[in-house]
Amino acid sequence: DVLENIKKINKKIDIKVVVSLTCTMCPELVVAAQKIGSLSQNVTSHVYDVNHFPHLKTKYKVMSVPCLVINDDIVTFGKKNINQLLDVILK
């Protein structure tokens with residue numbers, strides 16, 4: 001099911017995940033984004049520690065982590081598993 005949904009991604013997607021190293025909700029989204037990025041040639045995935053990239057905090061108005069940014073257009077917050085992330089991507 002997950003692999004089939006990843007194969008449905010037919011456009012270029014850039015994923016940014018902004019995290020804090022002390023966040024307990026961040027790892028699941030990080031793993032999901034990296035897995036999708038590794039399985040699809042259409043997806044790039046990058047993870048940024050908000051403390052080392054403060055300009056991203058300002059640019060995307062990060063108020064909490066994890067912060068998910070898709071193609072610099074969609075900004076969402078909160079824990080997401082791989083299926084929830086795919087729902088955001090495939091909208």
Side-chain angles (χ1 to χ4, degrees):
D1 186 43
V2 170
L3 280 175
E4 289 302 315
N5 282 332
I6 292 172
K7 289 178 185 176
K8 290 179 185 175
I9 301 170
N10 60 2
K11 59 184 177 183
K12 293 291 182 185
I13 301 290
D14 177 56
I15 299 173
K16 292 179 186 72
V17 182
V18 182
V19 302
S20 168
L21 295 180
T22 59
C23 174
T24 60
M25 294 186 294
C26 292
E28 188 170 12
L29 179 56
V30 169
V31 169
Q34 293 292 304
K35 183 168 187 164
I36 293 169
S38 72
L39 295 173
S40 175
Q41 292 184 357
N42 289 323
V43 178
T44 57
S45 175
H46 304 279
V47 179
Y48 300 93
D49 181 345
V50 70
N51 293 314
H52 294 287
F53 296 89
H55 66 282
L56 296 178
K57 182 177 182 178
T58 304
K59 180 177 181 177
Y60 299 113
K61 299 178 176 126
V62 177
M63 307 210 17
S64 65
V65 292
C67 173
L68 171 67
V69 181
I70 305 285
N71 291 342
D72 289 329
D73 289 332
I74 300 168
V75 179
T76 66
F77 300 94
K79 182 179 179 179
K80 289 175 186 52
N81 63 35
I82 195 162
N83 289 314
Q84 292 167 320
L85 178 53
L86 285 166
D87 287 344
V88 173
I89 292 171
L90 293 171
K91 276 187 180 178

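Everything quoted here is computed from the prediction, not taken from an experiment. Just the heavy atoms: all of them, side chains too, but no hydrogens, waters or symmetry mates, feed the values below.
For the pair V69/C67, a side-chain contact is recorded, criterion being any heavy-atom separation below 4.5 Å from C-beta on. K61 places none of its side-chain heavy atoms less than 4.5 Å from the side chain of V75. For the pair I70/I15, a side-chain contact is recorded, criterion being any heavy-atom separation below 4.5 Å from C-beta on.
A continuous path of Ile, Leu, Val, Met, Phe, Trp and Tyr side chains, each step under 4.5 Å between heavy atoms, connects L29 with V2, placing both in one hydrophobic cluster. No continuous path of ILVMFWY side-chain contacts below 4.5 Å connects V62 to V30, so the two sit in separate hydrophobic clusters. Note on V65: it clusters hydrophobically with Y60, by side-chain heavy-atom contacts below 4.5 Å among ILVMFWY residues.
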Can you list, pair by pair, the side-chain donor-acceptor contacts under 3.5 Å of residues 82-91, counting residues two or more places apart and other chains?
{"unit_1": "Q84", "atom_1": "OE1", "unit_2": "N81", "atom_2": "N", "d": "2.8"}

Without placing hydrogens or testing angles, list every side-chain donor-acceptor pair under 3.5 Å for residues 46-56, not counting sequence neighbours.
{"unit_1": "D49", "atom_1": "OD1", "unit_2": "N51", "atom_2": "N", "d": "2.9"}

Test side chain to side chain contact (heavy atoms under 4.5 Å, CB included) applied to V43 and I13, step by step: CA-CA 5 Å; V43 178; I13 301 290; 4.0 Å; yes
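Between G37 and S45, the closest heavy-atom pair is CA-CB, 4.4 Å. Across all non-hydrogen atoms, the minimal contact from P66 to C23 is CD-SG, 4.0 Å. Here the closest non-hydrogen pair linking K12 and Q41 is NZ-O, 3.5 Å.
With sequence neighbours left out, the salt bridge (charged side-chain N to carboxylate O under 4.0 Å, His left out) criterion links D14 to K16.
Considering CD1 of I6 and CD1 of I36, their distance stands at 5.0 Å, rounded to 0.5 Å.
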